[in-house]
Amino acid sequence: MSTLDPKKKVERSRNLASGYSLSNLIQSEDAVSHTIEMLLDWMNKYAESQEPMELDKFFTFTAFDVVGEVLFSKQFGFLQQGVDIGNAISNSLALNAYAAIGGFLQPLNLIVANPLVTWLGIMPMGHLFNTTKKAINDREKNQEARFDIVAHWFKNLAQHPDRMKLRDIHAQATTNVGAGADTVSCALQSFVYHMIRHPTAWQRVRDEIDAARKEGCCTDRVVSFDHAQKLPYLQACIKEAIRVFSPVPMGLPRVAPKGGVTISNRSFPAGTVLSINPWVIHHSKEIWGPDADEFKPQRWLAESAAAIEKYWIPVSEASISVSKTNMS
Ligand code: HEM
């Protein structure tokens, strides 16, 4: 994330990209489904005891454990224990809050995000870092492990030791834990919140799944990725949930490279920080209409959906960076 030189960035991404392909990720589907079943077991347990359940916490436990599975075939153990082990998640949330400000204030950032602090390992991430590090070290020795994301990276490291280092794998794995878990938990929370707030939409999702079941789809306890793709209304609700409440709420900056950059006939000199905030785009009445702030899944099923698709940027602002530069 912090690589500014576009050429180096492309090289680094090339070493890591194969791990993220859908065909690779889908190999972890059974493990992910099993993790989701653990969440469902907790929900049943709370329902039976009629105790209130802190869904936000359990969604975050699930997101971390799913990321552990797809990354290095090992859960962090949050769902197993049903607690925030060693306050790891609370600490990472505090760090996210810091990053939201520190990322834009370089002098402040130097105090926390400098090589000495990294080397000393004094950041309060304990359980998250330790589990990640141990899983990667174990993986190095274990040739039999599932062909998860880290396995791809080790294969690339073995084939191209000149192109990447073991440290790159450690850094990327840690970035994934930070980037993947909080975002997925946030998306889940937004989806469930809006389903609770919009019972008609919720009922329509349930009807869609019931109808699919009659056709022999979605019959397992956890709906498979493949079957979920065949549920257009559910997909529209998920999309809309992360439009109105985007997990990454700030513009992630790009720095114009040497020689500057021209976007839509506007030139920016080298070093200019360029950024688009997903919340600004996702709530723009100019793009979405007067109901921009409202949760309306049907907008994704209308004929006009194809035209607005490019403004939906919860995971990347790159797709609209050119077309939006001239907006006021
Ligand atoms: C709903 C879920 C997610 C959302 C909304 C989200 C959002 C984002 C955003 C906005 C960026 C910055 C992209 C840019 O600057 O153009 C990003 C980058 C990244 N995300 Fe996610 N993300 C999600 C899930 C995940 C997951 C599950 C993983 C990994 C397991 C992940 C790993 C990463 C990584 C490694 C980067 C940095 C990419 C780079 O260096 O170019 N994200 N994500």
Side-chain angles (χ1 to χ4, degrees), residues 32-33 35-36 39-40 42-44 46-47 52-67 79 89 93 96 100 179-213 218 221-225 227-251 277-317 320:
V32 172
S33 295
T35 313
I36 296 170
L39 169 70
L40 299 179
W42 278 109
M43 291 175 103
N44 282 346
Y46 274 93
M53 181 177 185
E54 290 181 274
L55 284 176
D56 59 335
K57 276 196 184 150
F58 276 87
F59 288 168
T60 307
F61 295 164
T62 309
F64 270 100
D65 281 341
V66 164
V67 167
L79 276 177
I89 294 173
L93 289 183
N96 282 353
D182 187 48
T183 45
V184 170
S185 171
C186 184
L188 260 172
Q189 289 182 52
S190 176
F191 174 77
V192 171
Y193 171 85
H194 286 101
M195 289 292 99
I196 292 169
R197 289 274 167 173
H198 295 84
T200 317
W202 183 222
Q203 191 54 49
R204 200 168 152 188
V205 169
R206 298 188 66 140
D207 290 347
E208 190 175 59
I209 295 174
D210 286 343
R213 286 199 165 136
C218 309
R221 192 175 177 208
V222 174
V223 174
S224 70
F225 174 79
H227 287 176
Q229 301 310 301
K230 295 174 185 145
L231 304 172
Y233 192 71
L234 169 72
Q235 293 298 333
C237 290
I238 295 171
K239 266 182 113 157
E240 188 67 347
I242 50 180
R243 181 189 69 82
V244 293
F245 199 91
S246 303
V248 176
M250 63 265 197
N277 185 313
W279 274 70
V280 173
I281 298 296
H282 285 166
H283 289 264
S284 161
K285 293 194 168 58
E286 201 183 326
I287 297 170
W288 307 93
D291 58 0
D293 292 337
E294 289 170 43
F295 176 81
K296 284 201 168 168
Q298 58 273 28
R299 74 172 86 241
W300 294 107
L301 303 172
E303 263 181 38
S304 52
I308 50 173
E309 183 77 40
K310 66 179 174 200
Y311 301 112
W312 186 73
I313 53 161
V315 289
S316 178
E317 59 195 43
I320 63 152

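- Ring-centre distance between Phe245 and Tyr193: not below the 6.0 Å cut-off.
- The two residues Pro297 and Glu240 come nearest to each other via the heavy atoms N-CG, 3.8 Å.
- Shown here for Cys237 and Phe295, the closest heavy-atom pair between the two residues is O-CE1, 3.8 Å.
- Of all non-hydrogen atoms in Val223 and Cys218, the two that sit nearest each other are CG1-SG, 4.0 Å.
- Judged by distance alone, the side chain of Trp288 and the main-chain N or O of Ile281 form a donor-acceptor pair under 3.5 Å.
- In this structure, Thr183 contributes its side chain and Pro247 its backbone to no donor-acceptor pair below 3.5 Å.
- Of the inter-residue distances, the one linking Thr62 atom OG1 with Leu79 atom CG reads 4.0 Å to the nearest 0.5 angstrom.
- Ring geometry, Tyr46 versus Trp42: the interplanar angle falls from 30° to 60°, so the pair is classed tilted.
- Scanning all heavy atoms of the two residues, the minimum distance from Ile287 to Ile308 falls at O-CG2, 4.1 Å.
- Under the 3.5 Å distance criterion, the side-chain polar atoms of Gln235 are matched with a main-chain donor or acceptor of Ala228.
- Atoms CZ and CZ, on Arg299 and Arg243 in that order, are 4.0 Å from each other to the nearest 0.5 Å.
- The shortest heavy-atom contact between Ala236 and Trp300 is O-CD1, 3.6 Å.
- No side-chain heavy atom of Thr60 sits less than 4.5 Å from a side-chain heavy atom of Asp182.
- The closest donor-acceptor contact from the side chain of His282 to the backbone of Ser246 lies at 3.5 Å or more, if one exists at all.
- To the nearest 0.5 Å, the span separating CE on Met195 from OG on Ser190 amounts to 9.0 Å.
- For Gln189 (side chain) and Phe59 (main-chain N/O), no donor-acceptor pair under 3.5 Å exists by modelled atom type.
- In this structure, CE in Met43 is found 11.5 Å from CD1 in Ile36, a value given to the nearest 0.5 Å.
- Looking at His198, its side chain does come within 3.5 Å of a backbone N or O of His194 through a donor-acceptor pair.
- Shown here is Arg221, whose CZ atom has more than 12 heavy atoms of other residues, nucleotides or ligands within 6.0 Å.
- The shortest side-chain heavy-atom distance between Tyr233 and Ile238 does not fall under the 4.5 Å cut-off.
- A 4.5 Å side-chain heavy-atom check between Ile242 and Trp312 finds at least one atom pair inside the cut-off.
- Taking Glu54 as the reference, Asp56, Lys57 meet the side-chain contact (heavy atoms from CB on, under 4.5 Å) condition, with sequence neighbours excluded.
- Using a 4.0 Å cut-off between charged nitrogen and carboxylate oxygen, Lys285 and Asp293 count as a salt-bridge pair.
- For the pair Pro232 and Lys230, the tightest heavy-atom approach, listed with the atom from each and the gap, is CD-O, 3.3 Å.
- Side-chain atoms of Ser284 never come within 3.5 Å of backbone atoms of Val280 as a donor-acceptor pair (strictly under, hydrogens ignored).
- Ion pairing between a basic and an acidic side chain is recognised when a charged N comes within 4.0 Å of a carboxylate O; Lys239 and Glu309 show such pairing.
- Heavy-atom neighbours of Arg213 CZ from other residues, nucleotides or ligands within 6.0 Å: above the threshold of 12.
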